[in-house]
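These notes are about the structure you will find just below.
Given the structure is predicted, the values throughout are model-derived calculations rather than measurements. Each chain gets a letter, A, B and so on, in the order the sequences are listed, and its residues count up from 1.
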Number of protein chains: 2
Amino acid sequence: MNLDDVARHAHVSIATASRVLNDTGPVKNSTRLRVLRAVKSLRYHPNLQARSLAGGKSQTLGMIVSNLENPFFLDIFCALESDAHRHGYEVLVANTDYQPRRLVSSVHLMMGRRVAGLAVIVSEMDPSLMKELMEQNQPIVFYDVGAPAPNISNIRVNYEKGIQKAVEYLYSMGHRRTAFVGHHTRLTPLLDRKRSFLEAMKHYNGKVEWTTATERDSPEGGQLATRQLLESGFKPTAIIVVNDFMALGVLKELRERGLHVPKDVSVTGYDNIGLSNFTCPPLTTVNIPRAEIGRLAFEALVLQKDEMRTQGREFRINPELIVRESSGPAPSLL
Amino acid sequence: MNLDDVARHAHVSIATASRVLNDTGPVKNSTRLRVLRAVKSLRYHPNLQARSLAGGKSQTLGMIVSNLENPFFLDIFCALESDAHRHGYEVLVANTDYQPRRLVSSVHLMMGRRVAGLAVIVSEMDPSLMKELMEQNQPIVFYDVGAPAPNISNIRVNYEKGIQKAVEYLYSMGHRRTAFVGHHTRLTPLLDRKRSFLEAMKHYNGKVEWTTATERDSPEGGQLATRQLLESGFKPTAIIVVNDFMALGVLKELRERGLHVPKDVSVTGYDNIGLSNFTCPPLTTVNIPRAEIGRLAFEALVLQKDEMRTQGREFRINPELIVRESSGPAPSLL
DNA sequence: TTGAAAGCGATACCAC
DNA sequence: GTGGTATCGCTTTCAA
């Protein structure tokens with residue numbers, strides 16, 4: 001079932017059929033009607049592969065994320081997809097599970113697909129792949145890595161500032177023994193997050209004790225890390241978690257050990273995912289506007305092509321602390 | 001940058017170049033090496049659109065779901081994608097947000113893509129679209145709708161039996177005032193779910209009071225529905241929620257009203273999503289093996305082509321009740 | 001307003 | 001082993 005069938009069925013040339021389908025060029029109304037009728041009766045759906053091959057342009061955007069199960073990434077995807085649909089694009093998403101190898105293969109897949117633009121929202125980016133991507137001369141938007149360049153845009157969140165806000169807030173509430181729960185510290189961007197915590201802590205040098213623990217990016221990981229943390233003998237009055245998703249597990253482990261949040265231990269997350277408002281107690285966190293990030297990504301890839309092509313652009317996002325009920329004064333102050 | 005460039009760069013014909021890339025047909029080792037070197041140095045990535053157009057086969061599977069933000073659907077997607085990747089396929093996912101119009105456009109998109117197979121995991125299926133799909137003569141797997149046919153497979157979960165188990169369990173625990181929280185009752189399959197509840201309830205006719213409330217498929221929806229439920233004056237000792245995702249909100253609303261779970265109200269969910277183990281208290285629920293569903297979908301679409309083509313197949317899944325801490329004896333029995 | 005024909009970038013069959 | 005070429009389904013000049 002192809003355009004040729006439709007054309008024949010409508011007694012027109014394939015060229016004319018194409019014209020009415022794409023609304024390009026003039027077509028007499030009566031013939032247009034005949035073609036449309038043929039399309040309907042044959043249940044014809046244009047072959048999009050062929051279309052983009054012939055037309056030389058794709059209506060597909062690509063998006064690569066580290067962990068689609070973490071609502072942080074999922075929310076960005078949904079926002080991007082929503083904008084994309086509104087403008088007649090679709091989004092092909094790939095999940096790397098934080099594995100550099102899968103990132104490489106995903107990137108190559110997207111190249112093979114000749115996507116119209118690619119959003120790379122991952123933590124496992126490495127320089128050589130970065131270089132390869134930049135040489136592709138294709139619209140790309142990175143999250144939290146790289147620098148703007150022709151066709152390359154960047155969305156950056158000042159992660160450090162968010163952590164600082166959390167650390168300062170907890171300090172002001174009297175907390176002097178704080179732990180950091182993170183994941184995948186071997187990946188540079190995530191190592192940076194841990195480092196942000198350490199930096200912020202250094203500020204209170206000598207006045208604050210701290211430790212860190214890491215596990216997989218999941219509630220289970222958060223729970224496990226917390227278990228290790230507490231079994232090490234360290235008795236934090238506050239735990240800063242690298243993201244809300246893991247914080248779900250942190251809360252659970254504390255609950256199971258009979259530690260009350262926030263009376264015994266304060267907990268803060270990061271991202272402000274929708275679920276963070278449904279935990280028990282609701283989670284103090286740092287807001288990252290994921291919907292906005294999705295929108296910006298779309299904008300960077302599709303809308304401002306001309307400006308992008310020449311220089312790229314950088315979007316900066318400042319995270320805000322959101323205090324809910326999982327945090328409060330340190331126990332000693334009660 | 002195309003195969004022609006590579007061929008020229010390696011001083012071979014485009015045909016030979018194609019052979020080494022696809023490992024099809026014999027090629028002298030030295031020439032193969034030259035081609036491979038050309039590919040590397042030119043950073044060539046085959047155009048997948050062209051490939052599948054010429055080859056007449058796609059390596060892409062399609063998947064349409066009602067609500068990707070609900071972990072139930074996301075988990076199925078992840079399982080399917082994982083299997084797909086292992087076998088060299090990719091998965092294009094579309095999210096309908098329960099809107100029949102978006103379902104239609106997603107289906108047409110998938111047809112246009114000429115996907116190798118399509119998994120339709122939605123609640124808003126309607127007969128005419130169903131018919132259109134079946135006429136496509138393309139591997140399809142439906143979830144909980146339709147019947148097996150050539151090229152059409154079905155995965156069905158005996159939803160009713162799961163609800164029955166929950167209802168019976170709660171009855172046995174002494175609950176006599178039970179509410180059902182659902183969503184989108186205008187969609188037939190979901191209406192069926194509510195009906196399952198009513199049927200199960202009818203069994204205890206006269207001995208049990210019940211009511212229902214519906215809202216969006218999200219924690220917020222669950223919270224809202226619960227609020228309406230309680231403000232109507234009905235005082236349930238147990239709430240059966242259509243799925244775990246909404247149950248998150250149900251638990252929150254109860255908490256905020258000072259109702260203790262399970263002392264004052266028992267709550268059961270459905271699906272056994274990962275999060276259901278991290279709620280407070282952990283959620284009693286009905287297990288639906290999402291990973292298995294994803295696997296079955298892949299199997300139905302790709303693996304057993306011959307068998308499928310002739311008759312399709314039906315997979316049945318029996319849900320199991322999982323009792324956790326969100327449910328217990330009715331208050332009057334304490 | 002319409003049709004013929006040249007690509008788009010691959011695959012695959014058929015010669016040599 | 002290797003090269004030529006028809007073909008996939010569509011878009012897009014260019015003429016008519």
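- The side chain to side chain donor-acceptor pair (under 3.5 Å) search around Glu124(B) returns Ser66(B), Thr96(B), not counting sequence neighbours.
- The nearest pair of heavy atoms linking Ala10(A) to Ala38(A) is CB-CB, 4.0 Å.
- First and last contacting nucleotides of DNA chain D toward chain B (any atom under 4.0 angstrom from a heavy atom, 5' to 3' order): dG1(D) to dG9(D).
- In this structure, the side chain of Asp217(A) does not engage the main chain of Asn70(A) through any donor-acceptor pair within 3.5 Å.
- Checking side-chain atoms of Asn67(B) against main-chain N and O of Glu69(B) turns up a donor-acceptor pair under 3.5 Å.
- With Asn137(B) contributing its side chain and Asn151(B) its backbone, the two residues share no donor-acceptor pair below 3.5 Å.
- Heavy atoms only, all atoms of each residue included: Ile288(B) and Phe72(B) are closest at CG2-CE1, 3.8 Å.
- dG9(C) atom P lies 8 Å from atom CZ of Arg114(A), rounded to whole Å.
- For Asp144(B) (side chain) and Val157(B) (main-chain N/O), a donor-acceptor pair under 3.5 Å exists by modelled atom type.
- Atom CG in Leu3(A) sits about 15 Å away from atom C1' in dA5(C), given to the nearest Å.
- Between Ser18(B) and the phosphate of dA10(C), there is no side-chain N or O to OP1/OP2 separation shorter than 4.0 Å.
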Might you work through the side chain to side chain contact (heavy atoms under 4.5 Å, CB included) test for Val120(A) and Tyr143(A), ending with a clear yes or no? CA-CA 6 Å; Val120(A) 184; Tyr143(A) 178 74; over 6 Å; no
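- As rounded to whole Å, 14 Å separates atom P of dA6(C) from atom CD1 of Ile14(A).
- Residues satisfying the ring pair (Phe, Tyr, Trp, His ring centres under 6.0 Å) criterion with Tyr44(A), sequence neighbours excluded, are absent altogether.
- Heavy atoms only, all atoms of each residue included: Glu314(A) and Pro148(A) are closest at CB-CG, 3.7 Å.
- Taking all atoms of both residues into account, the shortest heavy-atom contact from Met110(A) to Gly62(A) is SD-CA, 3.7 Å.
- The terminal axes of the helix from dT1(C)-dA16(D) to dC16(C)-dG1(D), fitted over 5 pairs per end, subtend an angle of 40° to the nearest 10°.
- Of the residues in residues 21-44 of chain A, Asn22(A), Tyr44(A) come within less than 4.0 Å of DNA chain D through at least one heavy atom, sorted by number.
- The heavy-atom pair separating Val145(B) from Asn154(B) by the smallest distance is O-ND2, 2.6 Å.
- Nearest heavy atom pair, residue Thr60(B) against residue Tyr89(B), reads N-CD2, 4.3 Å.
- In terms of position on DNA chain C, the residue among Ser13(A) and Asn2(B) whose nearest nucleotide sits closer to the 5' end is Ser13(A).
- Interface residues of residues 47-62 of chain A facing DNA chain C, ordered by number: Leu53(A), Ala54(A); criterion, heavy-atom separation under 4.0 Å.
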